[in-house]
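Remarks on the structure that follows.
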2 protein chains.
Amino acid sequence: MGSAAGAPTHARRRAGRPPQAVLSSARITKAALKLVSADGYKGLTMAALAKSLNVAPSALYNHVRSKQDVLLLVEDHLMGRVDVTAFGVEPWAEAVKIWAHSYRNVFAAHLPLIPVIALLPVTNAPATITMYEAVTKGFLAAGWPSDSIIDAVVALESFIYGSAYDVNAPADIFDAGSLAPQAPHFAAAVTQRSNPGGQSDANAAFTLGLSAMIAGLLATSTRVSDTE
Amino acid sequence: MGSAAGAPTHARRRAGRPPQAVLSSARITKAALKLVSADGYKGLTMAALAKSLNVAPSALYNHVRSKQDVLLLVEDHLMGRVDVTAFGVEPWAEAVKIWAHSYRNVFAAHLPLIPVIALLPVTNAPATITMYEAVTKGFLAAGWPSDSIIDAVVALESFIYGSAYDVNAPADIFDAGSLAPQAPHFAAAVTQRSNPGGQSDANAAFTLGLSAMIAGLLATSTRVSDTE
DNA sequence: ACCTGAACACCGTTCAAGT
DNA sequence: ACCTGAACACCGTTCAAGT
């Protein structure tokens with residue numbers, strides 16, 4: 001699909017025309033990702049996107065209905081980078097860990113997409129649907145009852161989205177400053193955190209929470225069979 | 001604190017002046033909340049905020065450095081609505097559930113504040129620090145080792161933030177549409193979800209994930225004593 | 001069908017000038 | 001110290017006009 005995106009389909013037009021700027025969803029997605037890589041999401045404006053594609057901003061609206069549509073294109077592209085290969089190969093708990101780590105790491109670098117993933121229907125997001133299909137099959141193979149799979153996946157995803165934010169939290173996010181004397185137990189707990197500051201904090205909390213949720217899901221589930 | 005916000009402190013000025021529009025953090029917070037209640041976060045602009053306070057937009061910048069500061073004021077105010085009263089009264093697991101439900105429900109109605117909570121330091125956010133102090137004391141009372149309390153709280157919060165988004169997801173978010181035939185297992189799991197569509201889905205996933213994480217934290221913790 | 005150019009209705013923020 | 005008024009540098013989006 002989309003393989004002929006670069007091929008002009010109007011060869012019957014007479015020659016001698018100025019070269020046509022052939023826009024497409026694929027080219028828009030690629031250009032958007034390049035802008036984000038260079039300048040972050042503040043650099044992803046419709047004007048900048050159009051400029052990078054050598055068209056007028058209004059030309060974009062022949063291919064997307066809104067900037068939200070552009071974000072959905074980028075989101076779906078990135079969902080293809082989430083590693084689902086462990087499902088059906090590794091034991092369920094291990095596969096979930098690999099998937100969750102990959103999922104969090106991909107979107108920790110794309111925080112503005114989290115509301116897009118969390119709130120927009122998956123319709124016309126093929127890579128996202130493919131990801132969910134692989135995950136569902138992994139749960140089914142582990143004997144998960146099918147009426148609770150989506151709830152379990154949603155719970156895990158909720159934790160993953162929140163954890164993606166946490167990756168980007170500054171090291172001093174829990175520094176109470178001058179108000180520390182009024183919250184002595186909290187301030188002490190922050191100080192006594194295993195390795196306070198830095199990204200290792202986010203990893204410690206993520207690993208702890210993920211292990212806990214996986215263990216809890218295993219304990220409360222009514223799975224029929226198990227590949228572990 | 002802030003009790004004299006409405007009282008003019010320049011009584012020595014001679015009379016006969018036009019009435020002064022006394023701005024303050026408290027008045028800005030209240031006006032911002034009112035705008036959000038009326039129109040949502042799209043209605044919270046610096047211009048609208050200024051208008052509702054009968055000042056020029058530029059006047060706001062004598063009290064806040066940016067719109068982010070306004071959002072932080074609102075966030076801290078709302079954090080005071082999170083119910084922490086169960087800590088030290090109910091058993092730990094029950095107290096966490098009450099706190100988590102309250103926390104999620106407060107911010108499900110204020111999604112744009114989630115990046116603010118997740119990424120901005122708690123310095124000068126007194127209600128937020130007060131909330132963390134109560135939670136920390138609840139964990140300590142349940143025998144939680146102090147070097148793992150913050151990680152556990154961060155893990156729970158990450159899940160809460162993601163779940164707040166999920167409350168606002170449309171009922172058809174997992175409708176694959178025309179792509180359903182390419183993801184048969186996923187589409188079937190969506191159909192077989194206990195009560196597909198509506199907000200009860202979000203509640204089912206939230207309850208499942210929260211129970212799992214609490215059970216998992218209890219199982220893997222090295223708590224010394226326990227009030228349960 | 002797809003693009004251009006101009007315009008529209010906004011944003012958050014700055015700053016000289018007032019009192 | 002705190003406010004006004006004007007301006008700045010943007011945004012996303014629309015639409016008549018072209019080819």
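Just so it is clear: chains get the letters A, B, ... in the order the sequence lines come, proteins before strands, and each one is counted from 1.
For B/F107 and B/Y103, the distance between ring centers is under 6.0 angstrom.
At D/dC3, one or more side-chain N or O atoms of B/H63 fall inside 4.0 Å of OP1 or OP2 (strictly under the cut-off).
Taking atom NZ on B/K42 and atom P on C/dG12, their separation rounds to 14 Å, with Å as the unit. Atom-to-atom, OH of B/Y61 to P of C/dT13 comes out at 4 Å; the value is rounded to the nearest Å. Atoms CG (B/L44) and C1' (C/dG12) sit 12 Å apart, rounded to a whole Å. Between the P atom of C/dG18 and the CG atom of B/N62 lies a distance of 17 Å, rounded to the nearest Å. Remark: C1' of C/dG12 and CG of B/L71 are 12 Å apart, rounded to the nearest angstrom. Rounded to a whole Å, the CZ atom of B/R65 is 19 Å from the C1' atom of C/dC15. Atom-to-atom, NZ of B/K51 to P of D/dC3 comes out at 19 Å; the value is rounded to the nearest Å. Summarising the geometry, the separation between CG on B/L23 and C1' on D/dA1 is reported as 12 Å, rounded to the nearest angstrom.
Across all strands shown, D/dC10 forms no Watson-Crick or G-U wobble pair with both distances under 3.5 Å. Pair assignment for D/dA16 gives C/dT4, based on Watson-Crick or G-U wobble hydrogen-bonding distances that are each under 3.5 Å.
The residue among A/M46 and B/A59 whose nearest nucleotide of DNA chain D lies closer to the 5′ end is B/A59.
A/S58 comes within contact range of at least one nucleobase, with a heavy-atom separation under 4.0 Å.
Within a 6.0 Å sphere centred on NZ of B/K30, heavy atoms belonging to other residues, nucleotides or ligands number 12 at most.
Screening B/M79, B/E75, B/R81 for a side chain to side chain contact (heavy atoms under 4.5 Å, CB included) involving B/H77 leaves a single residue, B/R81.
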